[in-house]
J.: 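Structure in structure tokens, see below.
Letters go in sequence order (proteins before strands), and every chain restarts at 1.
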Protein chains: 4
Amino acid sequence: MVQSLQAKESIGATNGDGFGLGWYGKREEPGLYREVRPAWSDENLKHLCRHIRLPLFFAHVRAGTGTPTTRPNCHPFIHSNWMFMHNGQVGDWSLIRRRVEALIPDEFYTSRIGTTDSEAVFLAILGAGADAYPIAATVRTLTTLTELVSTSGTTEPLRFTAALSDGRDLYAFRYAYGGSANTLYYRCGRRHHGAMAEQHTSVCRHRQFPNP
Amino acid sequence: MVQSLQAKESIGATNGDGFGLGWYGKREEPGLYREVRPAWSDENLKHLCRHIRLPLFFAHVRAGTGTPTTRPNCHPFIHSNWMFMHNGQVGDWSLIRRRVEALIPDEFYTSRIGTTDSEAVFLAILGAGADAYPIAATVRTLTTLTELVSTSGTTEPLRFTAALSDGRDLYAFRYAYGGSANTLYYRCGRRHHGAMAEQHTSVCRHRQFPNP
Amino acid sequence: MVQSLQAKESIGATNGDGFGLGWYGKREEPGLYREVRPAWSDENLKHLCRHIRLPLFFAHVRAGTGTPTTRPNCHPFIHSNWMFMHNGQVGDWSLIRRRVEALIPDEFYTSRIGTTDSEAVFLAILGAGADAYPIAATVRTLTTLTELVSTSGTTEPLRFTAALSDGRDLYAFRYAYGGSANTLYYRCGRRHHGAMAEQHTSVCRHRQFPNP
Amino acid sequence: MVQSLQAKESIGATNGDGFGLGWYGKREEPGLYREVRPAWSDENLKHLCRHIRLPLFFAHVRAGTGTPTTRPNCHPFIHSNWMFMHNGQVGDWSLIRRRVEALIPDEFYTSRIGTTDSEAVFLAILGAGADAYPIAATVRTLTTLTELVSTSGTTEPLRFTAALSDGRDLYAFRYAYGGSANTLYYRCGRRHHGAMAEQHTSVCRHRQFPNP
């Protein structure tokens, strides 16, 4: 996940519906830079990439699936010390949007500043207890989403290839229902170790800092 | 309401959180131009104002009250042949947002592409039957909003100075609960006639085309 | 040239460095809408295309060749009643920029609000007398540009596929030095008639309104 | 000059024609973030300000004087290790633009990516030998500008309140011809020492790092 943004930018040639860059610096809360222009023509991004040297960051280029191209709809999404980005889709979003939004507890609903499925799923995962049990909260949310999609009468799949971090650990998920999951690449560096989990769900956990 | 945009632009000096322009041309559905930059520095707007000559348009400069500055959050809002813009606030939005969004029927919820209180109120009015009874639907929605605000535990007012049109008639509303309403200016031209209504609510109805 | 913008938009998938739309309405000066976002994600453009029905317009999607992605660098360019758009390149622009800018008379230099080669060539053509003799002014400018490119020590070609209009006639040019010219498609409608000219230069002249 | 951006942002309420932020980090070349939206509504800026902690940065909110609101027209401007921002005007720019641009040597002219007077003056100062003698190069350029303005037939003043840095020293200038100069505030911190110079010109030189 500590990959080069340049690679992302080359993908960007067809993912021109905005992009985002999130990173952990010296604060608990991650930094965030999101823009509706394509990544390849953004001079600001070039400067930020040259000047920000950090062990953990998320970079995302967006190919929208129906929701407008606005900054709040661009990944990654952040909330307190949590950061999330998602590549995929949640069935036919128009059929289950209200029920997914209903999964978000009130305390997190004020953080819903955009209208995407991805942001709603992120806040639902936080609401399901990510602070204490990030993997269990994500798996539980995916279980609920699978039910919602499967009973919504759509043939569109649930695809969930995602990265989640609290600034210390990095969790990567790859799951699908009704279709195949998007690919997920990761590299385990010196200070990382991975862990696999769950039947349908690939969970990769990277700890950013050496364990005792 | 068929006023000069130039006046609006001068107001723009302190309303720099985006703006919008909606108009009725030869189609049923209104045209819409919204932008996150301030109105005064937008060359495109200057051209559109010079080139669009129409009997009915809405112009709005936004001073945001918490929701992000995105195009979908800029007024006016449109849905099929309806257009709406709003100057005011709906109590403490964070306290009643979910309940206001719950007023929007499913068939209109897919049109919720932003996150503002104003767009939610517009879709709630449409859901309350604006197609058949625009004034009654608006008054009913304002009644519900007043209840929601008054029981939400806030001291912030409900201010609703708004314009609504179906492309044929223009309705202007001015209402407040817990505070004074924002001003509303209108001019009745040759082809317009007004109508007042309701106790707390000022309703001004302009018919765009001559009656038989 | 009275072609569908939709076709242009499909090309847009790889031309994401801004776009522009210019049109002649009831005024002498054309209308202009330019934006740095990709055409395919711009809701405003969709509305304008639905609402503007005019006999003559220019649509352009930009793939930048070095100059920044700003609105003033997007085509088409306008000056009084003239409109111009260009697909191509002017040799190694960094080598001859000053000399091309020197071709622009003072009275047109204040209209240089961007930094592209295309805008400079447009203003040079106007300065060469386009008002009286548009074809001759363009050919003379191309002759000078060919000299400048050929003596500048570059191997990069001069490619000039362009459209020029005064709101009444439409001129289309296709010329190259040191390489092949980009393609130019045009359709002659009922009210148009074409004319070919020049050795190296293809000139197509369309008259918008029927001749006596 | 190492002041809080928050103060700048409050000024921003009336300076809504874009803004910029430049800073020196671990590289020689400064970082740069410029945006055409007003500073106060830019979520990205809030994140950058929270996450960038550096001894020397420039922040600028723009109130345009005729040139378009584009990112390349926003201050600060950078070239290799140099950074510059300017508050003022250069007479009637349309009368002397070409002559000021002619002051820029070819090697710096490719860095002219915008169309403002300020960027042209910056590149002219670099061309006058800022690398070796930054104060002398600036004074010489101001002398030439004064001649150009005074002989151009305008009554508009030359106002030059500016900051210039090579990443090590910070130079602040305040000069006017035909009017009064804009104010300049600066604070000398522990590691700074100032120096005054010149008759008409106030030059303040801050050395960022302790001298031996």
Side-chain angles (χ1 to χ4, degrees), chain B residues 5 18-60 62 69-85 110-114 119 165 167, chain C residues 5 18-60 62 69-85 110-114 119 165 167:
Chain B
L5 188 67
F19 70 92
L21 180 68
W23 69 93
Y24 289 99
K26 293 190 175 160
R27 291 170 155 263
E28 283 237 316
E29 191 189 311
L32 189 59
Y33 178 69
R34 303 192 285 190
E35 175 57 272
V36 296
R37 295 169 57 160
W40 65 83
S41 78
D42 187 28
E43 323 83 339
N44 290 328
L45 178 61
K46 294 198 185 77
H47 279 283
L48 292 178
C49 291
R50 256 185 242 128
H51 281 270
I52 297 178
R53 283 282 166 275
L54 295 163
L56 178 55
F57 68 87
F58 285 14
H60 189 277
R62 184 168 177 264
T69 301
T70 64
R71 287 185 182 174
N73 282 354
C74 290
H75 305 228
F77 306 101
I78 65 172
H79 185 277
S80 67
N81 63 314
W82 287 93
M83 182 155 62
F84 174 81
M85 68 179 179
T110 51
S111 294
R112 178 134 173 85
I113 60 170
E119 187 199 39
S165 179
Chain C
L5 188 67
F19 69 92
L21 181 69
W23 69 93
Y24 289 98
K26 293 188 175 161
R27 291 169 155 265
E28 283 237 317
E29 190 188 310
L32 189 59
Y33 177 70
R34 301 191 287 189
E35 174 59 90
V36 296
R37 294 169 58 160
W40 65 83
S41 77
D42 186 28
E43 322 83 337
N44 290 328
L45 178 61
K46 294 197 185 80
H47 278 284
L48 293 178
C49 290
R50 257 184 240 130
H51 281 270
I52 297 177
R53 285 280 166 275
L54 295 163
L56 178 55
F57 68 86
F58 285 12
H60 190 277
R62 184 168 178 265
T69 300
T70 64
R71 286 184 183 176
N73 282 355
C74 289
H75 306 227
F77 306 101
I78 65 173
H79 185 276
S80 69
N81 63 315
W82 287 93
M83 181 156 61
F84 175 80
M85 66 178 181
T110 52
S111 294
R112 177 134 172 86
I113 59 171
E119 187 197 40
S165 179

J.: Between Glu35(B) and Glu35(C), does a side chain to side chain contact (heavy atoms under 4.5 Å, CB included) hold up when you go through it step by step?
T.: CA-CA 11 Å; Glu35(B) 175 57 272; Glu35(C) 174 59 90; 3.4 Å; yes
J.: Applying a criterion of heavy atom separation less than 4.5 Å, what residues of residues 70-79 of chain C form contacts with chain B?
T.: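 Contacts with chain B: Arg71(C), Ile78(C).
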J.: Would you list the pairs meeting side-chain hydrogen bond (donor to acceptor under 3.5 Å, both in side chains) in which at least one residue belongs to residues 21-33 of chain B, sequence neighbours left out?
T.: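 Non-adjacent pairs meeting side-chain hydrogen bond (donor to acceptor under 3.5 Å, both in side chains): Glu29(B)-Arg50(C), Tyr33(B)-Asp42(B).
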J.: Report the distance from atom CD of Glu43(C) to atom CG of Leu32(B), rounding to the nearest 0.5 Å.
T.: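 Between atom CD of Glu43(C) and atom CG of Leu32(B) there are 8.5 Å.
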